[in-house]
2 protein chains.
Amino acid sequence: MREFLKTKGYKMTPQRELVFRSFFELGEHVSVDELFDRVKRIDESVGYSTVWRNLKLICEVGLAREVTVGDGVTRYDRVTRKPHGHFYCLKCKSLQEFDLNEIAGRLSKVATAEKFETESFKVEIEGVCKSCRDKENKKAKRNLSTSPKISRTKPSRQK
Amino acid sequence: MREFLKTKGYKMTPQRELVFRSFFELGEHVSVDELFDRVKRIDESVGYSTVWRNLKLICEVGLAREVTVGDGVTRYDRVTRKPHGHFYCLKCKSLQEFDLNEIAGRLSKVATAEKFETESFKVEIEGVCKSCRDKENKKAKRNLSTSPKISRTKPSRQK
DNA sequence: TTTGGTATTGAAATTGATTTTCATTTAGTG
DNA sequence: CACTAAATGAAAATCAATTTCAATACCAAA
Ligand SMILES: [Mn+2]
Ligand SMILES: [Mn+2]
Ligand SMILES: [Zn+2]
Ligand SMILES: [Zn+2]
């Protein structure tokens, strides 16, 4: 790692070492805050901006990619596995991955047809995951006996 | 329109009227700022938050959808046409649409297979559009005669 | 037409994440 | 050891998105 960075003109530091290591331990869809928390637990003195900058660096050198989905926070995803899309559950905010094999092929075709030079795809499905749906169903059943009230509340305009 | 909103418990106002009308005139991938500018040109007194709120309202009642792509600003897309994806050109920041017909079908399948209840898709291709590529090529040709310099500048870490 | 209760508005303030600044420290090189 | 560029941490700046609040306007019911 140290060598790899050196070739690109970067130095190694204890903080960088720690951020990199922690990132690869956590791995999946980490946010800056999450990584910062974990790093802090090991070395209280590391600053937020250091974590942020090194996360950017990890992307810079091609070891991770930013993924923004659903809410307004950027997450960082290792680039080990092959291209994949993301399910985003609107209830529990969880992320699941799914394979993009055929879909990626089709997308490439579309891009070529439109003379567009593809750099990357982003495929995302928003909805409700199974476990959240199950919970809803249970709740619905429980309420069958109680008097069903019609909501008169105007739905909030804000997210 | 007035009636349509009334049934949902909303009132009509000159500002709202203006925002709605301006939005449907512009139509494609408008940002709050863009719409605000346009509205301002017609009625200087309309506030930013009014434009923002009414854009949200347009989504609320199902006439538009938010689309966030590339940079960090939310754009608003009419929901007239059928599901489509977006090409985002990293050079000129332009958006092009492409049809999602077969791809949407496949995505639905994937979702079903994973017991995921789909609410919406988001399909995006980032890259370089034809016209930007053409420009690049021209530039490259022009520079064939001049001495090619190797860049020693470390690429910026910031977006 | 007047009136009363809401919804809406505009300006300003707040939020929340990201990014930059800057003074200081440190890594890597010789 | 000494030098230079890179890296760090704290704080400040950005920037879009959202909320607050007092004033105003809509519109349904009298
Ligand atoms: Mn992922
Ligand atoms: Mn579109
Ligand atoms: Zn869920
Ligand atoms: Zn372009």
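Proteins get letters first, then strands, A, B, ... in listed order; numbering begins at 1 in each.
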Side-chain N or O of A:Gln15 less than 4.0 angstrom from OP1 or OP2 on D:dG9?
-> yes
For C:dA7, does either OP1 or OP2 sit under 4.0 Å from a side-chain N or O belonging to B:Thr13?
-> no
Could you tell me whether the side chains of A:Ser31 and A:Asp33 share a donor-acceptor contact shorter than 3.5 Å?
-> no
Could you please name the option among C:dT19, C:dA12, D:dA7 that lies closest to any side-chain atom of A:Trp52?
-> C:dT19
Verify the ring-centre separation between A:Phe98 and A:Phe87: is it less than 6.0 angstrom?
-> yes
Can a side chain N or O of B:Lys56 be found less than 4.0 Å away from OP1 or OP2 on D:dT18?
-> yes
Who are the salt bridge (Lys or Arg N to Asp or Glu O under 4.0 Å) partners of B:Glu102, not counting sequence neighbours?
-> A:Arg106
Spell out, yes or no, whether A:Val61 and A:Val79 are grouped together once hydrophobic residues are joined by side-chain heavy atoms under 4.5 Å, including indirect joins.
-> no
Please state how far atom CG in A:Asp71 lies from atom P in D:dA16, giving the value in whole angstrom units.
-> 19 Å
To the nearest Å, give me how far apart CD (A:Glu17) and P (D:dA7) are.
-> 14 Å
Which of C:dA27, C:dA11, D:dT8 is nearest the side chain of B:Ser49? It is C:dA11
For A:Met12 and C:dG28, give me the distance from atom CE to atom P, rounded to whole Å.
-> 8 Å
Could you tell me whether B:Lys6 and B:Glu3 have a side-chain N and a carboxylate O separated by less than 4.0 Å?
-> yes
State, with a plain yes or no, whether a side-chain heavy atom of B:Val69 is found less than 4.5 Å away from one of B:Lys122.
-> no
Take the protein atom CG of A:Leu57 and the nucleotide atom C1' of D:dT8, then report the distance between them rounded to whole Å.
-> 14 Å
Listed nucleotide nearest any side-chain atom of B:Arg16, set D:dA28, C:dT9, C:dT18 = C:dT9
Distance, rounded to the nearest Å, where A:Tyr76 contributes OH and C:dT18 contributes C1' | 8 Å
Can you check the B:Phe36 CZ to D:dA17 P distance for me, whole Å?
-> 14 Å
Does the side chain of B:Asn54 get closer than 4.0 angstrom to OP1 or OP2 of C:dT9 through an N or O atom?
-> yes
Among the nucleotides C:dT19, C:dG10, C:dA27, which one has an atom lying closest to any side-chain atom of B:Arg53?
-> C:dG10
Quick one: sort the B:Phe36 and B:Tyr48 rings into parallel, tilted or perpendicular, breaks at 30° and 60°.
-> perpendicular
Looking only at side-chain atoms of A:Val46, point me to the closest of C:dT9, D:dT18, D:dG9.
-> D:dG9
So, is B:Arg2 near the phosphate of D:dC27, with a side-chain N or O under 4.0 Å from OP1 or OP2?
-> yes
State which of D:dA28, C:dT9, D:dA17 makes the closest approach to the side chain of B:Lys6.
-> D:dA28
A:Glu66, A:Glu28, A:His29, A:Glu34 screened by side chain to side chain donor-acceptor pair (under 3.5 Å) with A:Arg75, the one that passes = A:Glu34
Under 4.0 Å between a side-chain N or O of A:Thr74 and OP1 or OP2 of C:dT18?
-> yes
Might you list the N or O atoms of the protein lying below 3.5 Å from N or O atoms in nucleotides 3-5 of chain D, with each pair's distance?
from, atom 1, to, atom 2, distance (Å)
D:dA5, N3, A:Lys11, NZ, 2.9

Integer-rounded Å distance: D:dA10 C1' and A:Lys40 NZ | 11 Å
Map B:Asp33 and A:Pro14 onto DNA chain D by nearest heavy atom, then report which one ends up closer to the 5' terminus.
-> A:Pro14
A:Val32 side-chain proximity, nearest of C:dT18, D:dG9, D:dT19 = C:dT18
